[in-house]
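Residue numbers start at 1 and run along the sequence shown. No experiment lies behind these values; they were computed from the predicted model shown.
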Amino acid sequence: MQTPAQQVSQLAQQNSISTLVARVRARSTGTPMPFTSQGPVENSESGRGYTLGREYPTMGHGDMFSGIVTPLALSLTFCIMIGKTLAK
């Protein structure tokens, strides 16, 4: 077990300017930083990562307008046209 005086001197050595400069020089040469967060893991075969809305092939261009709005608008238009012709 260290004494408080030894702990203070060790802390001063770890946080000194020369240690900071040494770390900056090491990082500038490409040395990886220990215990930093790494990038997310990609477990896909395509290498593109996970993208929402791209799991299944969709109608049209794959966007919201051609896949959702167009079929709804066409079905609503069809219903309105049938309603107008039956009313006469």
>> How long is the straight-line distance from OG1 of T77 back to CD1 of I82, given to the nearest 0.5 Å?
In response: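 Answer for the CD1-OG1 pair, I82 versus T77, is 11.5 Å.
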> Should L86 and F78 be counted in the same cluster of Ile, Leu, Val, Met, Phe, Trp and Tyr side chains packed under 4.5 Å apart?
Replying inline: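 Shared cluster, yes.
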> Hey, is CD1 on I17 packed in by over 12 heavy atoms from elsewhere, all under 6.0 Å?
Replying inline: no
